**Student:** 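One structure is given below, represented as structure tokens, and several questions about it will come after.
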Amino acid sequence: MGFYLMRTTNLYAPTLREAPAGADIPSHKLMIRAGMIRKAAGGLYTYLPLAWRTIRKIEQIIREEMDAAGGQEFMMPIIQPAELWQESGRWERFGAEMLKVKDRHGREFCFGPTHEEMITDVVRNELRSYKQLPCMLYQIQDKFRDEIRPRFGLMRSREFIMKDLYSFDKDDAGADISYQKMYDAYTNIFTRCGFNFRPVEADSGAIGGNHTHEFTVLAENGESDIAYCESCDYAANAEKAELSPIVADKEDMLPLEKVSTPGTNTIDLLCDFMNVSQEKTIKAVAFQNEKDEVVLAFVRGDHDVNDVKLQNAVGALDLRMADDDSIRAAGGEPGFMGPIGINKGTYVVVDSTVMNMFNAVTGANEKDVHYKNVNPSRDFSDEGIIVTDIRLIKEGDPCPHCGKPVKMTRGIEVGQVFKLGTKYSEALHATFLDENGKEKPLVMGCYGIGVGRTMAAAIEQHNDKDGIIWPRAIAPFEVVVVPVNAKVPEQLELAEQIYDGLKVKGVDVLLDDRKERAGVKFKDADLIGYPLRIIVGPKAINNDDIEIKIRKSGEMIHLGKDECIKRVQELLKTL
RNA sequence: CGGGGCAUAGCUCAGUUUGGUAGAGCACCUGGUUUGGGACCAGGGGGUCGCAGGUUCGAAUCCUGUUGCUCCGACCA
């Protein structure tokens, strides 16, 4: 037929029986074992042909949806001049994650960890009129972030492929429309990729901005904790999920009293000693911000601190656990901290729920001493304390939308949509003239998809003990044709005929013509995870009995040569 | 960055305690027998034992330093 035969003998896909030490999660192990990726260094991977085919299919789906939503594809450099980042203030703020380099003249650059500054610079001189708006530009580009701890293969690598689109509108209403278009496009993309996913409300993080959703694939090995509601459509990243204060039953406020509580430096020990429930205690957690100032957070004993909320509450760039010396310097005592008696000027953040408590127990800032009958509404001076929601959501907490108990699950964040507002356009003076000739900053949005991570997430969600189970849309090949014994000319010829027949119909097909034993080829087919396998053996030659095996269900279909092509096309539609 | 672990053949690992000729399985090459779920037999290639110092007649093994990888905690697509 004149088609180039895509043969396994001509495919660089070195499969491995065992995964190298250090690959821990299924997607990482399987990508290595299936001959898809190889590691060059920590967080740096080569995409071998099978992986690259899948990457390109994912990219193609993204392109189609971005274009349909009005996006225009373009390309920016990966190396970016320091000046732009200094202008936006992120040269320092991005920190060590940004890989900085100097050219031969000593001029400073960075490897782009993201492209807000670049794009704003591109448009600021020539996107000047409201008539040019809205405008959406996107690229599919390598980015580099010098991650503290790259891990899980492509899930958290340092160099990674990302689609990023930037929208420019003349006002908030326009930006909302762009945001919604992208939200819908993302929904289409991840649906087409075969995911079980949820768009979740999220914190906007270092990138800035005020409204954002993360598109999260539900999977055991995800790095995000997701709270979601089965009664309504609420879903949020745990670090974002807001909580209303819990109202405790009213009690008479008893007089504040110090009690000796030797050795009770944890909530568990304290509750045992005092014979009270955790709900009657106030837990203290001490942090330090980037200026080494101490931030003391107080939540109910059975609750945990949400450090993202806390960070936002005090406007910190960075928070870490405080060391004991710093705690003492602030007037606290490790293990026995309380809000009463802390030095003025120290950040004291109290969770809203705590303020509703009655006759609670809290540390007295002296070793082996607690206060009892603490009534925050009476005993915590308003002066200098911050009262807000800093609590981490947990399973069973009331849904912020409908009040029903929420569920928790793990997820892999594969995409994120942001309303940036005018943060970057103001910093970089990217303005346009409106209908009245008035100069205004562009209203921006940015929208990212981690392409490699999307591939990894697909494997996390679709695998079994034998290997990968690709959704058809992003499989490296849709079908593999396996002559059981490629040394038998009749089998090879029939397999080639079927290959040609499928190829004519536009099916993405591979011929496993290796002169290996059948078992080897079957094992590889399962490992690599082609959605369909067509087996051409002696039965096919003698009895016109060709077998189609469906990878996902394991189902085996027997049919004749004449029906084969048509049936494969039908089956593919269901996978 | 903090805390643990590891570094020996392409991959998985033994050998290190007690210093004395560098090993196995898988993979690879040759020949033969096999051929519907990772075959078998015979032969073969392949390692400056992460790197640099030191101790010793002699170091994969002991000492010091260093680098890389990896797992656990704080960042993120």
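Just so it is clear, the model here is predicted, and its values are computed rather than measured. Sequence lines set the chain letters: A, B, ... in the order given, protein chains first and strands last, and positions in each chain run from 1. Just so you know, these numbers use all the heavy atoms, side chains as well, and skip hydrogens, waters and symmetry mates.
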**Student:** Using a cut-off of 4.0 Å on non-hydrogen atoms, how would the nucleic acid contact of A:T216 be classed: base, sugar-phosphate, or nothing?
**Tutor:** nothing
**Student:** Report the distance from atom CG of A:L310 to atom C1' of B:A74, rounded to the nearest whole Å.
**Tutor:** 13 Å
**Student:** Which nucleotide sits closest to the side chain of A:K487: B:U35, B:A77, B:C69?
**Tutor:**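 Given the options B:U35, B:A77, B:C69, the side chain of A:K487 is closest to B:U35.
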**Student:** A:Q139 has an atom CD; how far is it from atom P of B:A77, in whole Å?
**Tutor:** 15 Å
**Student:** Between B:C62 and B:G2, how far is it from one P atom to the other, in whole Å?
**Tutor:** 26 Å
**Student:** Of the listed nucleotides (B:C69, B:C1, B:G38), which one gets closest to any side-chain atom of A:A41?
**Tutor:** B:C69
**Student:** Using a cut-off of 4.0 Å on non-hydrogen atoms, how would the nucleic acid contact of A:V414 be classed: base, sugar-phosphate, or nothing?
**Tutor:**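 Sugar-phosphate contact only - A:V414 comes under 4.0 Å of backbone atoms but never of a base.
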**Student:** Ignoring hydrogens and angles, answer whether the base of B:G36 and the side-chain atoms of A:K549 contain a donor-acceptor pair closer than 3.5 Å.
**Tutor:**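 When only heavy-atom distances are counted, A:K549 does not reach the base of B:G36 through any donor-acceptor pair under 3.5 Å.
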**Student:** Heavy atoms under 4.0 Å, any strand shown: does A:I412 hit a base, just sugar-phosphate, or nothing?
**Tutor:** nothing
**Student:** Could you please name the partner base of B:U35, counting Watson-Crick and G-U wobble pairs only when both distances are under 3.5 Å?
**Tutor:** none
**Student:** Just checking A:K539: base, sugar-phosphate only, or nothing, at a heavy-atom cut-off of under 4.0 Å?
**Tutor:** base
**Student:** Using atom C1' in both nucleotides, what's the gap between B:U12 and B:U21 to the nearest angstrom?
**Tutor:**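 Pairwise C1' distance, B:U12 against B:U21, rounds to 26 Å.
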**Student:** I'd like the C1' distance from B:G4 over to B:C11, given in whole Å.
**Tutor:** 25 Å
**Student:** Could you tell me how far B:G20 sits from B:U35 if I compare only their C1' atoms? Round to whole Å.
**Tutor:** 48 Å
**Student:** Taking pairing as Watson-Crick or G-U wobble with both contacts under 3.5 Å, can you name the mate of B:G20, or confirm there isn't one?
**Tutor:**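 Checking every strand shown, B:G20 finds its partner in B:C57, with both distances under 3.5 Å.
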**Student:** Which listed nucleotide (B:C69, B:C75, B:A77) is nearest to the side chain of A:Q311?
**Tutor:**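 So the nucleotide nearest the side chain must be B:C75.
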**Student:** Report yes if a donor N or O on one partner sits less than 3.5 Å from an acceptor N or O on the other, where the partners are the side chain of A:R151 and the base of B:G73; otherwise report no.
**Tutor:**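 No pair found.
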**Student:** Have a look at A:D164 and say if it touches a base, only the backbone sugar-phosphate, or nothing, with a 4.0 Å heavy-atom cut-off.
**Tutor:** nothing
**Student:** Partner lookup for B:G43, please. Criteria are Watson-Crick or G-U wobble with both distances under 3.5 angstrom; report none if nothing qualifies.
**Tutor:**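 Paired with B:C29.
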**Student:** On RNA chain B, compare the nucleotides closest to A:T15 and A:E159; which residue's is nearer the 5' end?
**Tutor:** A:T15
**Student:** Determine the contact category for A:G448: base if any of its heavy atoms lies under 4.0 Å from a base atom, sugar-phosphate if only primed atoms, P, OP1 or OP2 are that close, otherwise nothing.
**Tutor:**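 Nothing: the residue A:G448, judged by heavy atoms under 4.0 Å, touches no strand.
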**Student:** Distance-only, no hydrogens or angles: does the A:Q86 side chain make a donor-acceptor pair with backbone N or O of A:W91 under 3.5 Å?
**Tutor:** no
**Student:** Side chain of A:P538 only, heavy atoms from C-beta on: which candidate in B:G36, B:C13, B:G38 is closest?
**Tutor:** B:G36
**Student:** To the nearest angstrom, how far is A:E18 atom CD from B:A24 atom P?
**Tutor:** 17 Å
**Student:** Applying a 4.0 Å non-hydrogen cut-off, can you work out what A:R533 is touching in the nucleic acid: base, sugar-phosphate, or nothing?
**Tutor:** base
**Student:** Base, sugar-phosphate, or nothing: which does A:I449 touch, judged by heavy atoms less than 4.0 Å apart?
**Tutor:**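 No contact.
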**Student:** Between A:E223 (CD) and B:G73 (C1'), how many Å, whole number?
**Tutor:**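 Distance, rounded to whole Å: 13 Å.
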**Student:** Paired with B:G73 by Watson-Crick or G-U wobble geometry, both distances under 3.5 Å: which nucleotide is it?
**Tutor:**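 Paired with B:G73, as far as the under-3.5 Å criterion goes, is B:C1.
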**Student:** With P as the reference atom in both, quote the distance from B:G15 to B:C75 in angstrom, rounded to an integer.
**Tutor:** 40 Å
**Student:** Quick check on side chain to side chain donor-acceptor pair (under 3.5 Å): which of A:T8, A:D524, A:T9 does A:R514 satisfy it with?
**Tutor:** A:D524
**Student:** Would you kindly give the CD1-to-C1' distance between A:I32 and B:C69, to the nearest whole Å?
**Tutor:** 13 Å
**Student:** Let me spell it out: for each of A:K521 and A:K39, pick the nucleotide of RNA chain B with the closest heavy atom. Which residue's pick is nearer the 5' end?
**Tutor:**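 The residue mapped nearer the 5' terminus is A:K521.
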**Student:** With ring pair (Phe, Tyr, Trp, His ring centres under 6.0 Å) as the test, would you mind laying out the steps for A:F160 and A:Y45 before giving the verdict?
**Tutor:** CA-CA 9 Å; A:F160 58 100; A:Y45 290 88; over 10 Å; no
**Student:** Would you call A:F160 stacked on B:A77, i.e. ring centres under 5.5 Å apart with the planes less than 30° off parallel?
**Tutor:**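 Here the ring of A:F160 and the base of B:A77 are stacked, with centres under 5.5 Å and planes under 30°.
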**Student:** Please state the P separation for the pair B:U67 and B:A24 - nearest whole angstrom.
**Tutor:**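 Here B:U67 and B:A24 have their P atoms 35 Å from each other.
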**Student:** Could you measure between the two C1' atoms, the one in B:G5 and the one in B:G44, and give it in whole Å?
**Tutor:**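 That atom pair is separated by 37 Å.
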**Student:** So, the side chain of A:D389 versus the backbone of A:L243: is there a donor-acceptor pair under 3.5 Å, distance only?
**Tutor:**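 Yes; at least one donor-acceptor contact below 3.5 Å.
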**Student:** Please determine, for B:A7, whether a Watson-Crick or G-U wobble partner exists with both distances under 3.5 Å, and give it or none.
**Tutor:**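 B:A7 is paired, partner B:U67.
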**Student:** Using atom types as modelled and distance alone, determine if a side-chain donor or acceptor of A:D545 lies under 3.5 Å from a backbone N or O of A:H558.
**Tutor:**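 No.
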**Student:** Between B:C13, B:G38, B:C75, spot the one nearest the side chain of A:A21, thanks.
**Tutor:**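 Comparing B:C13, B:G38, B:C75 against the side chain of A:A21, the answer is B:C13.
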**Student:** Counting only side-chain heavy atoms from C-beta out, which of B:A27, B:C75, B:U12 sits nearest to A:R17?
**Tutor:**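 Nearest nucleotide to the side chain: B:A27.
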**Student:** Which word best sums up how the rings of A:Y179 and A:H211 line up, parallel for under 30°, tilted for 30 to 60°, or perpendicular for over 60°?
**Tutor:**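 The arrangement is tilted - the two ring planes meet at 30° to 60°.
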**Student:** Think A:R517 has a side-chain N or O under 4.0 angstrom from the OP1 or OP2 of B:A39?
**Tutor:**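 Result: yes.
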**Student:** What integer distance in Å separates A:I148:CD1 from B:G3:P?
**Tutor:** 16 Å
**Student:** Nearest 0.5 Å, what's the OG1-CE distance between A:T120 and A:M444?
**Tutor:** 3.5 Å
**Student:** Looking at every strand, decide which applies to A:E413 at a 4.0 Å heavy-atom threshold: base, sugar-phosphate, or nothing.
**Tutor:**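 Touches sugar-phosphate only.
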**Student:** When all nucleic acid strands are considered with a 4.0 Å heavy-atom cut-off, which category describes A:R158: base, sugar-phosphate, or nothing?
**Tutor:**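 Nothing, no heavy atom under 4.0 Å.
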**Student:** Identify which nucleotide among B:C76, B:G36, B:U12 has an atom closest to any side-chain atom of A:R145, counting heavy atoms from C-beta outward.
**Tutor:**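 Nearest nucleotide to the side chain: B:C76.
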**Student:** Do A:D351 side-chain atoms and A:I390 backbone N/O form a donor-acceptor pair below 3.5 Å?
**Tutor:**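 Such a contact is found between A:D351 side chain and A:I390 backbone.
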**Student:** Do the side chain of A:D544 and the main chain of A:K561 share a donor and acceptor less than 3.5 angstrom apart?
**Tutor:**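 Checking the backbone N and O of A:K561 against the side chain of A:D544, a donor-acceptor pair under 3.5 Å is found.
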**Student:** Can you check whether any acceptor in the base of B:G36 is under 3.5 Å from a donor in the side chain of A:N485, or vice versa?
**Tutor:** no
**Student:** Rounded to the nearest angstrom, tell me the gap between atom NZ in A:K523 and atom P in B:A27.
**Tutor:** 14 Å
**Student:** When the P atoms of B:C1 and B:U17 are considered, how many whole Å apart are they?
**Tutor:**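 Rounded to whole Å, the distance is 32 Å.
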**Student:** Would you say the side chain of A:R149 and the base of B:G3 hold a donor-acceptor pair, judged only by whether the two atoms sit under 3.5 Å apart?
**Tutor:**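 Per atom types, no contact qualifies.
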**Student:** Under the 3.5 Å rule, do the base of B:G38 and the side chain of A:E516 count as making a donor-acceptor pair?
**Tutor:**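 Result: no qualifying N/O pair found.
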**Student:** Using modelled atom types only, decide if a donor and an acceptor are shared between the side chain of A:Q461 and the backbone of A:L218 within a distance under 3.5 Å.
**Tutor:** yes
**Student:** Figure out the CD/P separation between A:E147 and B:C69, and round it to whole Å.
**Tutor:**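 That distance rounds to 14 Å.
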